[in-house]
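Both backbone and side-chain heavy atoms feed into the values below; hydrogens, waters and symmetry mates do not. Proteins come first, then strands; the chains are lettered A, B, ... in the order of their sequence lines, and each starts at number 1.
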Amino acid sequence: MWQWIGDNPGIFGTAVSNHLQLSGVALAAVILIALPLGLALTRRRGLANAAIAIVNILRTVPSLALLVIMLPLLGTGFLPSAVALVLYGLPALLLNTYTGLVEVDADIVEAARGQGLSDRQVMTRIEIPLALPVIFAGIRTAAVQIVSAATLAAFIGGGGLGELITAGMANFNFPQLVAGAVAVALLALFVELAFAGLERLLTRKLRMGAA
Amino acid sequence: MSWAIENWDRLLIALWEHVRLVGAGLAISLFIGLPLGVLSARKPRFYLAVLLVSGALYTVPALAVFALLIPVLGLGFGPAVVALVMYALLIIIRNVATGLREISPDILDAADGMGFGRWRRLFAVELPLALPVIIAGIRITVVTQVSVATVAAFINAGGLGDIIFQGITQDFGEKVVIGALATSALAIACDESLRRVEVALRAAQAESA
């Protein structure tokens, strides 16, 4: 494995950077969509139930199915892979954003309104900060899911570390296959640990701010 | 849809292979996960260690697990089931432990007072009370395993993923879509039926309480 990486630093580097790019773009899009959408849903509870039902079905769809269904719709490559990964990561963050905001103590919101805070101020100063730990847990879940599922993007020409695995398998190049598998496993574990660490830091900071 | 209509027998075989993979994976996961979950509910330190190991296994991408199992176990049904079990342990152990820990100490005291032994208390009182949480864990496990089993076709374990991969290599869009829709339908059907079992169990418990 090490020898294969040493002999093919270019291929390995490209695979890593493709994987990070694909996951990064997808995660950024998930955050940009899920946060405002989750917020909007708390203001429209009727719509929220329908949205949650749809998201719960989406959450059940296997990652490989979600990726390959893009083939007839968008073809192969980076874009269809990114779109599929966004759909795959969205449920976790959307549900957490919504639940986090809904679970904020109604008394606290009421008290803030009583002190004359506007709707916008209640949202930015009370609701969002209090829901932040739950929201961040959603970001962590989405990040790990996306990095993991991005491995399967290789099947629709999306590149990334999965490509080392599929190419290694096709050419009976086992060092390449193992290099890809170990790298993506370590990457997923690293993302999980890094986001868990960030989450702990954030929660501690929020608690200190509240005290 | 013409391919699916003409080849419904192949589709059924793939579905059967898929169900068999998940069935074997689930059975073995429960066989290992239940005792570990019970032990975890009693011993917090052991629980922490088990969570770390099974959590790490759960985080590793499916394709990587299959690839890494090739040099060790080779290709086919066996290694695929091993991978499915690796994915299931975290959720089963966690839900069994959570379900057992959530039981009110009063109930346990009452069972002890009635002279229930350790094992009788576990099987007659604790596990039945924890059942809804355990079923919830089984539900997540089955949905995860249906998803991971799709990728198992990569190591020649068959299943609905096989239809997808054949479609990709043959550049035959309909097969890809049929395979993807079939796995999704299977996952959604499993999720919904287990959800109903969970709801019914909770309702029954609420009634008897």
Side-chain angles (χ1 to χ4, degrees), chain A residues 1 19 56-73 75-76 84 88 144-157 160-166 168-170 172 174-193 196, chain B residues 18 55-72 75 87 139-140 142-156 159-161 163-165 167-169 171-192 195:
Chain A
M1 176 183 105
H19 204 101
N56 271 325
I57 293 176
L58 187 62
R59 190 162 66 155
T60 316
V61 174
S63 45
L64 184 65
L66 211 47
L67 275 153
V68 299
I69 209 89
M70 293 296 151
L71 276 175
L73 302 173
T76 58
Y88 191 62
V144 176
Q145 281 181 341
I146 287 173
V147 166
S148 185
T151 322
L152 303 174
F155 292 119
I156 62 166
L161 286 161
E163 208 158 78
L164 301 182
I165 299 176
T166 53
M169 183 80 165
F172 299 106
F174 284 100
Q176 184 184 10
L177 175 131
V178 172
V182 169
V184 82
L186 290 178
L187 182 63
L189 288 170
F190 172 76
V191 169
E192 164 82 23
L193 290 176
Chain B
H18 210 100
L57 289 177
Y58 186 73
T59 309
V60 175
L63 190 62
V65 171
F66 287 123
L68 291 174
L69 284 177
I70 296 174
V72 188
L75 303 169
Y87 272 96
R139 177 180 159 206
I140 306 173
V142 168
V143 172
T144 309
Q145 288 188 332
V146 167
S147 175
V148 174
T150 320
V151 186
F154 182 70
I155 59 164
N156 304 339
L160 289 164
I163 309 262
I164 296 178
F165 287 129
I168 292 175
T169 35
D171 201 9
F172 189 2
E174 197 190 320
K175 254 170 117 170
V176 174
V177 173
I178 298 281
L181 290 180
T183 41
S184 307
L186 180 61
I188 292 167
C190 290
D191 188 51
E192 182 56 25
R195 190 186 66 84

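- A distance of 13.5 Å separates CZ in A:Phe190 from OG1 in B:Thr59, rounded to the nearest 0.5 Å.
- When each of A:Leu187, A:Leu161, A:Val184 is scored by its heavy-atom pairs under 4.5 Å with chain B, the top score falls to A:Val184.
- Contacts from residues 145-152 of chain A to chain B, taken as heavy-atom pairs separated by less than 4.5 Å, involve A:Ser148, A:Thr151, A:Leu152 in sequence order.
- The distance from atom CD1 of B:Ile164 to atom CD1 of A:Ile156, rounded to the nearest 0.5 Å, is 11.5 Å.
- The shortest non-hydrogen separation linking A:Ala65 to B:Ala180 is CB-O, 3.6 Å.
- Nearest heavy atom pair, residue B:Pro61 against residue A:Ala185, reads CD-CA, 3.9 Å.
- Going from atom CG of A:Asn56 over to atom CD of B:Glu192 covers 10.0 Å, rounded to the nearest 0.5 Å.
- B:Ile140 does not touch chain A: none of its heavy atoms, backbone or side chain, sits under 4.5 Å away.
- Heavy atoms of A:Thr166 lying under 4.5 Å from chain B belong to its backbone as well as its side chain.
- Only the side chain of A:Leu64 has a heavy atom closer than 4.5 Å to any heavy atom of chain B.
- A heavy-atom distance below 4.5 Å is found between the side chains of A:Leu177 and B:Ile70.
- Separating the CG atom in B:Leu75 from the CE atom in A:Met169 is a distance of 5.0 Å, to the nearest 0.5 Å.
- Looking at B:Ile188, the atoms closer than 4.5 Å to chain A (heavy atoms on both sides) sit in the backbone and in the side chain alike.
- At a threshold of 4.5 Å between non-hydrogen side-chain atoms, the residues A:Ile69 and B:Leu181 count as touching.
- Heavy atoms closer than 4.5 Å to chain A are found in both the backbone and the side chain of B:Leu63.
- Within the 4.5 angstrom heavy-atom criterion, atoms from both the backbone and the side chain of B:Val177 approach chain A.
- Residue contact with chain B, scored on non-hydrogen atoms closer than 4.5 Å, involves the backbone and the side chain of A:Leu189 alike.
- For the atom pair OG (B:Ser184) and CG (A:Leu66), the distance works out to 7.5 Å, reported to the nearest 0.5 Å.
- For A:Val144, the part lying under 4.5 angstrom from a heavy atom of chain B is the side chain only.
- In terms of heavy-atom pairs under 4.5 Å with chain B, the best-connected choice from A:Ile57, A:Val61, A:Val68, A:Leu193 is A:Val68.
- If you measure heavy-atom distances from B:Leu57 to chain A, you find no contacts under 4.5 Å at all.
- With sequence neighbours left out, the ring pair (Phe, Tyr, Trp, His ring centres under 6.0 Å) criterion links B:Phe165 to A:Phe155.
- Ranked by heavy-atom pairs under 4.5 Å with chain A, the list B:Val148, B:Leu160, B:Thr144, B:Val143 is led by B:Val143.
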